[in-house]
There are 2 protein chains.
Amino acid sequence: MVDLSLESIEIPAGKKVGQPASAKRREGASDAASPMVTAFREHELVFAEGDAASQRYEIIDGAVMLFKVLPDGRRQLVELLGPGEMFGLTCDDEHDCSAETLVATRLRSNRRLDCSEVPAAVCAMCQQLQEKVKNLHEHTVILGRKSAMERVVSFLLRLAEMSNAKRANGHIRLAMTRQEMADYLGLTIETVSRSLSDLRRRGLIVFDKADWFHIADREGLELLSGDC
Amino acid sequence: MVDLSLESIEIPAGKKVGQPASAKRREGASDAASPMVTAFREHELVFAEGDAASQRYEIIDGAVMLFKVLPDGRRQLVELLGPGEMFGLTCDDEHDCSAETLVATRLRSNRRLDCSEVPAAVCAMCQQLQEKVKNLHEHTVILGRKSAMERVVSFLLRLAEMSNAKRANGHIRLAMTRQEMADYLGLTIETVSRSLSDLRRRGLIVFDKADWFHIADREGLELLSGDC
DNA sequence: CGAAAAGTTGATGGCTTTCAAGTCGTGTGG
DNA sequence: CCACACGACTTGAAAGCCATCAACTTTTCG
């Protein structure tokens, strides 16, 4: 496992006191192919969720946390990183989470690798891995910071989003047992069952038969997801 | 986002009833460089946590769940995958989680890519991504299935493991505020504080000063981690 | 049809959160 | 050097959400 020394390094900067978590991000930009080293003090923002992802970073020494924040302010750290570890890798054009130093840290920044430089199979695998990481980040927020109802709703909406890519009629198959849903969402079968019954009673979803359902009130569901 | 159709496909197999979760895994092995397609019924085990990771898989159609199980039986699904998505990618020699079909599924299996076939920089990145995924899987179990005390203990043990790679004296810096720990572990600062105080009172950890501590009873801690 | 598995619903309890007050530690300024 | 102030941390009390336990209903499949 990669070493994560949470030990502070000495940064010759004058002001030693870290900015609060609301610190502005620093632009340690590196041009084209030239790697560049940037020093950060503790609790400095490297980039924020939604920022353009032009760079990827490698920790020389220090430590970095990656986190996501829900609209109502709930925060979930999704990764803790130490020397040698990389972050800022993404398959999208923007970062899916924010990055902030925990201690004084030096980062090496590089431009993102161009997929044309590597075999297609390898590129596809990297893309898949990055997609995986992004999905796991989202799921981490669900498990760490969402209520039972929010988890179930988030799950249903994700299912709908995925299914609709294929079939537009809106009918979605719930090809999982309650136990599997519970084990995915970090809940018990009873809580999942109660949440689904509640959503059905409130008219937000409709069970067509067995394990098929469709969404009757998408806006209503989205309000319950914790994501808006 | 990759499409995850949870729709069942028709498998001409005679017995339609899926085996229970305790199903034996199937060896859909592919030789050397030849990709091979294998059909699975619903709730069939593709591989188990700890199995040798000789293959990687791509879902042609169907759906697969990846999960981890704690020694006492608590289960946490760590990924839900649909058509086009890959799994079984790992930087280690064995799988860090089990894979089971949710519905009838066809999988294309390939041998794992050899790092010598691609540029070193790309290989390093893939390795990092796979390490990330593995860490996120572990964290998913912590958030989904562990109690507050188990989360805090797991966190301390991980910190110790990482720090000890560098310094063997056993003294570990806790370079995070209680709020950051709480946001990492999906708890509140009060719960984190209470858990740490409890561990200190019970003599399992000792706070040397400010944010430095060391483990006084590793076995005792491990028993509280939920991992044994 | 009957048994077993899956799902639902209710009652209760426990763990964690919330709210609140107090303590500790560090940096500042008199 | 010490008093003060502010933030970080700790501790207590009470509430709330979800888990647990239990009974029942529904579905599935031989």
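A, B, ... follow the sequence lines: proteins, then strands. Residue 1 opens every chain.
Scored by the salt bridge (Lys or Arg N to Asp or Glu O under 4.0 Å) test, B:E180 finds no partners at all (sequence neighbours excluded). The side chain to side chain donor-acceptor pair (under 3.5 Å) test applied to A:Q130 returns no partner, not counting sequence neighbours. The salt bridge (Lys or Arg N to Asp or Glu O under 4.0 Å) check on B:D217 picks up nothing, with sequence neighbours excluded. Listed by chain and residue number, nothing satisfies the salt bridge (Lys or Arg N to Asp or Glu O under 4.0 Å) test with A:E94 (two or more places apart in sequence, or in another chain). Residues meeting the side chain to side chain donor-acceptor pair (under 3.5 Å) test with A:S154, sequence neighbours left out: A:K146. Every residue two or more places apart in sequence or in another chain that forms a side chain to side chain contact (heavy atoms under 4.5 Å, CB included) with A:E58 is listed here: A:M86, A:R108. For the salt bridge (Lys or Arg N to Asp or Glu O under 4.0 Å) test, no residue two or more places apart in sequence or in another chain qualifies with B:D208.
As rounded to whole Å, 11 Å separates atom P of C:dT18 from atom CD of B:Q179. In this entry the distance linking CZ of B:F207 with P of C:dG25 reads 13 Å, nearest Å. Per the geometry, CZ belonging to A:R178 stands 12 Å off P belonging to D:dT28, to the nearest Å. Rounded to an integer number of Å, the gap from B:M149 CE to C:dT16 C1' is 13 Å. Protein atom CG of B:D72 is 15 Å distant from nucleotide atom C1' of D:dT20, rounded to whole Å. Between the P atom of D:dA8 and the CG atom of B:L174 lies a distance of 15 Å, rounded to the nearest Å. Atom CE of B:M181 and atom P of D:dT10 are 8 Å apart (whole Å). In this entry the distance linking CZ of A:F213 with P of C:dG7 reads 14 Å, nearest Å.
Annotation: the terminal axes of the helix from C:dC1-D:dG30 to C:dG30-D:dC1 meet at 30°, where each axis is the rotation carrying the C1' atoms of four end pairs onto the next four (5 pairs per end, rounded to 10°).
Annotation: proximity of residues 197-206 of chain B to DNA chain D (heavy atom, distance under 4.0 Å) is found for B:S197, B:R200, B:R201, numbered in ascending order. Residues from residues 184-194 of chain B that place a heavy atom under 4.0 Å from any atom of DNA chain D, listed by number: B:E190, B:S193, B:R194.
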Sequence neighbours left out, cut at 3.5 Å: what donor-acceptor pairs do the side chains of residues 199-206 of chain A make with other protein atoms?
none

Please output the side-chain donor-acceptor pairs of residues 183-192 of chain A that fall under 3.5 Å, not counting sequence neighbours, one pair per line with the distance.
| from | atom 1 | to | atom 2 | distance (Å) |
| --- | --- | --- | --- | --- |
| A:D183 | OD1 | A:Q179 | NE2 | 3.1 |
| A:D183 | OD1 | B:R145 | NH2 | 2.9 |
| A:D183 | OD2 | B:R75 | NE | 2.6 |
| A:D183 | OD2 | B:R75 | NH2 | 3.0 |
| A:Y184 | OH | A:R158 | NH1 | 2.8 |
| A:T188 | OG1 | A:T191 | N | 3.3 |
| A:T188 | OG1 | A:T191 | OG1 | 3.0 |

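In this structure, A:D96 does not pair ionically with A:K134, as no charged nitrogen and carboxylate oxygen lie closer than 4.0 Å.
At a cut-off of 3.5 Å, with distance as the only test, no side-chain donor of A:Q76 or A:H137 sits close to an acceptor on the other residue.
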